[in-house]
Chemist: 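The structure follows.
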Amino acid sequence: MLNVWEKTPSKINDIISGKEPITTATALQLEKVLGIDASFWLNRESLYREKLSRIEQEEFLEQCKEWLNDQPIKELKSCGYIKTENLE
């Protein structure tokens with residue numbers, strides 16, 4: 001497989017572990033070597049990267065919540081720096 005697939009063992013390991021993305025060229029090579037459509041590999045890659053982005057976004061939002069909890073919101077409101085509107 002390694003001789004047909006134009007990747008080094010290190011590069012293959014990086015792809016398998018998710019450190020390197022599956023590019024179109026890689027997907028076409030996988031299709032040639034394994035007989036599984038390139039579209040399958042590209043779809044898997046897209047779903048994987050989307051999941052990573054969602055996890056990263058959730059972690060960032062949690063950090064924002066923690067930061068916000070440390071801010072003197074009540075004091076800023078009472079001094080008029082933050083205005084709240086009545087939504088009723």
Side-chain angles (χ1 to χ4, degrees):
M1 178 172 145
L2 294 179
N3 293 337
V4 178
W5 199 18
E6 302 157 3
K7 302 283 183 197
T8 65
S10 174
K11 193 67 144 176
I12 293 169
N13 188 47
D14 287 347
I15 291 169
I16 290 170
S17 66
K19 293 177 185 173
E20 287 288 325
I22 296 175
T23 63
T24 302
T26 301
L28 290 170
Q29 289 175 353
L30 285 167
E31 180 180 73
K32 182 170 58 173
V33 172
L34 301 175
I36 300 171
D37 286 344
S39 61
F40 169 82
W41 298 109
L42 293 170
N43 186 48
R44 298 274 45 146
E45 177 66 24
S46 176
L47 292 172
Y48 175 69
R49 296 297 165 185
E50 178 186 348
K51 182 68 174 176
L52 288 181
S53 292
R54 288 181 185 278
I55 291 169
E56 189 176 291
Q57 183 181 36
E58 286 295 319
E59 290 171 353
F60 174 73
L61 291 175
E62 284 302 315
Q63 290 175 354
C64 289
K65 285 182 188 177
E66 291 172 15
W67 176 84
L68 191 57
N69 287 335
D70 291 338
Q71 304 310 309
I73 302 298
K74 287 181 185 177
E75 291 82 358
L76 291 169
K77 283 181 183 178
S78 68
C79 292
Y81 293 113
I82 296 177
K83 297 189 190 284
T84 56
E85 294 181 18
N86 191 349
L87 300 176
E88 296 178 48

Chemist: Going by the rule salt bridge (charged side-chain N to carboxylate O under 4.0 Å, His left out), which residues pair with Glu66 if we only count those two or more places apart in sequence or in a different chain?
Modeler: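 So Glu66 forms no salt bridge (charged side-chain N to carboxylate O under 4.0 Å, His left out) with any residue.
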
Chemist: Report yes if the side chains of Thr26 and Trp41 come closer than 4.5 Å at any heavy-atom pair, otherwise no.
Modeler: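 Result no, sub-4.5 Å side-chain heavy-atom pair not found.
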
Chemist: When rounded to the nearest 0.5 angstrom, what distance separates CG in Leu61 from NZ in Lys65?
Modeler: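 Separation between the atoms: 7.5 Å.
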
Chemist: Kindly write out the residues that satisfy salt bridge (charged side-chain N to carboxylate O under 4.0 Å, His left out) with Arg44, not counting sequence neighbours, or none if the list is empty.
Modeler: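 Per chain and number, Arg44 pairs via salt bridge (charged side-chain N to carboxylate O under 4.0 Å, His left out) with no residue.
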
Chemist: Would you say Asn13's side chain and Pro9's backbone share a donor-acceptor pair under 3.5 angstrom?
Modeler: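 Side chain of Asn13 to backbone of Pro9: no pair is present.
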
Chemist: Between Glu31 and Ala38, which heavy-atom pair has the shortest distance, and what is it?
Modeler: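 Heavy atoms of Glu31 and Ala38 come nearest at OE2-N, 2.9 Å.
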
Chemist: Specify the closest pair of heavy atoms between Arg49 and Lys19, including all atoms of both residues, with the distance to one decimal.
Modeler: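 Result for this residue pair: NH2-C, 4.4 Å.
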
Chemist: List in chain and number order the residues that pass side chain to side chain donor-acceptor pair (under 3.5 Å) with Thr24, two or more places apart in sequence or in another chain; answer none if no residue qualifies.
Modeler: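 Here no residue qualifies.
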
Chemist: Counting only heavy atoms from other residues, nucleotides and ligands, does the tally under 6.0 Å from CD of Glu56 exceed 12?
Modeler: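 No, the 6.0 Å shell around CD holds no more than 12 heavy atoms from other groups.
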
Chemist: To which residues is Tyr81 joined in a hydrophobic cluster, defined by side-chain heavy-atom contacts under 4.5 Å among Ile, Leu, Val, Met, Phe, Trp and Tyr, whether direct or through other members?
Modeler: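 Tyr81 shares its hydrophobic cluster with Trp67, Leu68, Ile73, Leu76, Ile82.
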
Chemist: Quick one: list whatever passes salt bridge (charged side-chain N to carboxylate O under 4.0 Å, His left out) with Glu59, sequence neighbours left out.
Modeler: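 By the salt bridge (charged side-chain N to carboxylate O under 4.0 Å, His left out) rule, Glu59 matches no residue at all.
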
Chemist: Under 4.5 Å between side-chain heavy atoms, hopping through other hydrophobics if needed: is there a path connecting Ile22 to Val33?
Modeler: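 Same hydrophobic cluster.
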
Chemist: Taking a hydrophobic cluster as the set of Ile, Leu, Val, Met, Phe, Trp and Tyr residues connected by side-chain heavy atoms closer than 4.5 Å, whether directly or through intermediates, do Ile15 and Leu28 fall within one such cluster?
Modeler: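 Different clusters: Ile15 never reaches Leu28 through Ile, Leu, Val, Met, Phe, Trp or Tyr contacts under 4.5 Å.
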
Chemist: Just to verify, what does Glu50 make a side chain to side chain donor-acceptor pair (under 3.5 Å) with, not counting sequence neighbours?
Modeler: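 Expected list: Arg54.
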
Chemist: Main chain of Leu42, side chain of Ser46: is a donor-acceptor contact present, judged purely on distance under 3.5 Å?
Modeler: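 Looks like no, no N/O pair under 3.5 Å.
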
